[in-house]
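As structure tokens, the structure follows; a few thoughts come after it.
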Amino acid sequence: MIYALNKLHLQPHESIIRDTTKCKRYYQCGRSPAHGRLAFLMFQSSQWQYRGEGHVSLVLYHAIEPRLVLRLRKKFVNVKTKMEATHSYGLHGSTAEQLEYVQSVMAPLLGSEFVLQQRLVQLPQSFVEDINRKVAVHRPSKRCCKTVDCDIGEAILMPDVCFLPSGDDRLSIPDTRRVYEIAVSVGRQPTSPVLEKDIPTFCVEIKPKCGFLHPSSTSRKKPSCKFCMFQMLKVKNGKWLSPSQYCPLDLFSGNEARVRMALRGLLSTPQNNLKVFRNGMGIFTDDIEESSLQDQLEQLTEMFKPYLCEPVEKNLVDLLTRILTERHSFNGTVGERQPVCSRSAFVQRGEMQYPNGMRPCRILDAVLKIQQWDDLGSQGILPYYHRLLDHFKKCPGDRLKWGVDTPVSHVDCSALESADDGSVEYALQKVRQYLVAATAKDCSIMISIKPRQTVAEAARELWFDYAIAVVDLDPKAIERVDKYVHEDDTIRKMYLAAVDQEPKV
């Protein structure tokens, strides 16, 4: 079925329609070649294929050129109203407001090179219903308690970051990622050539989680990051058979040995923190059962075998380590000693406990700095959160006046320096800062890699082109503070009890 394209962001020279009441911004579609081509290609439901999904969104990719993805918001199957759908996941604002948040708040903080331009499209309900039926057979059973929300009628369109930028801006959605190159020594002579079109593009998706150790949320005896403490709770509750060997502090350390250890941990226990795609198709995803993980890892190795020397798994880790410790246009000076989580494999395997390291690569450094806007921890933010709630009970009009229930368009941390820390305005800024940090703790980093040749045709070096993007930058609703406080408290109590039961060394 072919559906009409109603509204689509186009280039700024097109006329703008702005609805200030609903904070929606659209670009009026003229009869441009880009609009006509996109309307024809996009809204044939047969051309949209299932890519994957998280807690909030389901992602489709376009089966033929152009390389586009469509992110559709989900809701619980038994949710009936838009209000229920919003609060069921602590979602913040409409799809249009979420897009505004990504491009007005997160893009300036992380850089336009890493946060891609996105467009808001309105979808007919019949199109979304058709997609829901089509993707049902591809969705993992654990995700089927939710469905795409047919009532919202909006979705986000963006370039497909599983591929390198194509330079094709005919659809008015420019891909702003920068392409870098990297070489790996092989010392082999070329044999039969492989045509460029036969070489696939791989994409590694990492969900890094929180990359710093918050002093208020751990044990002084055995300081551990939230991720590693949470692993103990997940194993205890039966979500995983064994804890992850990955520690975010190692990935963010900037130290090559620790970054390498973090990547090994992701490959050996990916859980939902690592996915790998080949030409946009998932070949190593979070749907893998723990019992079949070794078989899947061997298949992944086979996929990379033509493009990496033996041992392939080790060289894949080395390649990713090189990429994640490169410092393009960045002052990568030796920094302070990076804290080490006591649960990290780096410590557990007897490695050097407190190595000096470089600052992390530019994108990890940017993500980490935003995460560190949470300078109080969940217990520290609680008094400010309660101050806000008490104020809104007395002055409910201020909740609307200050736009508490819509995503912020900017966060001015410098305003805190001159504000009275006992004021409601100060509390509002601190809570907003905390929620922006929460967005950075939940993001995903996409590394698209394309080999230039196979191992067989390489002489002394294997060359790769790669680009990096950050996705999953949804705003967090203020009500999420309650969830974070409860979650952190549960994790901390469980961890401290477990530490007390461990044998003394």
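Keep in mind that this is a model prediction, so the values were computed, not measured. Positions are given from 1 along the sequence.
Nearest heavy-atom pair across C150 and Q125 is O-CG, 3.7 Å. In terms of heavy-atom proximity, T269 sits nearest to Y246 at OG1-N, 4.1 Å.
Residues V148 and V135 have side chains not in contact (no heavy-atom distance under 4.5 Å, counting atoms from C-beta outward). Residues C145 and F76 have side chains in contact (heavy-atom distance under 4.5 Å, counting atoms from C-beta outward). In this structure, the side chains of F227 and C341 stay at 4.5 Å or more apart for every pair of heavy atoms. Residues C162 and Y61 have side chains not in contact (no heavy-atom distance under 4.5 Å, counting atoms from C-beta outward).
Ion pairing of D472 with R71 is present here, as a side-chain N (NZ or NE/NH1/NH2) and a carboxylate O approach within less than 4.0 Å. The pair E53-K146 fails the salt-bridge criterion, with no side-chain N (NZ, NE, NH1 or NH2) lying under 4.0 Å from an Asp/Glu carboxylate O. Salt bridge status for R51 with D160: present, with a side-chain N to carboxylate O gap under 4.0 Å. Ionic pairing of D365 and K369 is present here: one or more N-O contacts between side-chain nitrogen and carboxylate oxygen are shorter than 4.0 angstrom.
Seen from the ring of F230, K234 counts as a face-on cation partner, given the 6.0 Å and 45° thresholds.
For S57 (side chain) and R73 (main-chain N/O), no donor-acceptor pair under 3.5 Å exists by modelled atom type. The closest donor-acceptor contact from the side chain of Q49 to the backbone of S46 lies under 3.5 Å. A donor-acceptor pair under 3.5 Å is formed between the side chain of Q371 and the backbone N or O of A440. Formation of a donor-acceptor pair under 3.5 Å by the K450 side chain with backbone atoms of I199 is found in this model. Between the D465 side chain and the E181 main chain, no donor and acceptor come within less than 3.5 Å of each other. The backbone N or O of V312 lies less than 3.5 Å from no partner atom in the side chain of T301, so there is not a single donor-acceptor pair.
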Worked check of salt bridge (Lys or Arg N to Asp or Glu O under 4.0 Å) between R67 and D175: CA-CA 10 Å; R67 290 167 176 168; D175 191 333; over 6 Å; no
Checking salt bridge (Lys or Arg N to Asp or Glu O under 4.0 Å) for the pair K314/D318: CA distance, chi angles, key distance, verdict? CA-CA 6 Å; K314 175 186 178 298; D318 288 346; 2.8 Å; yes
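For the pairing with D250, the salt bridge (Lys or Arg N to Asp or Glu O under 4.0 Å) check across R264, R260, R258 returns one residue only, R258.
Using bins of under 30°, 30° to 60° and over 60° for the plane-to-plane angle, the ring pair Y50/H138 lands in the parallel bin.
Surrounding NZ of K305 are at most 12 heavy atoms belonging to other residues, nucleotides or ligands under 6.0 Å away.
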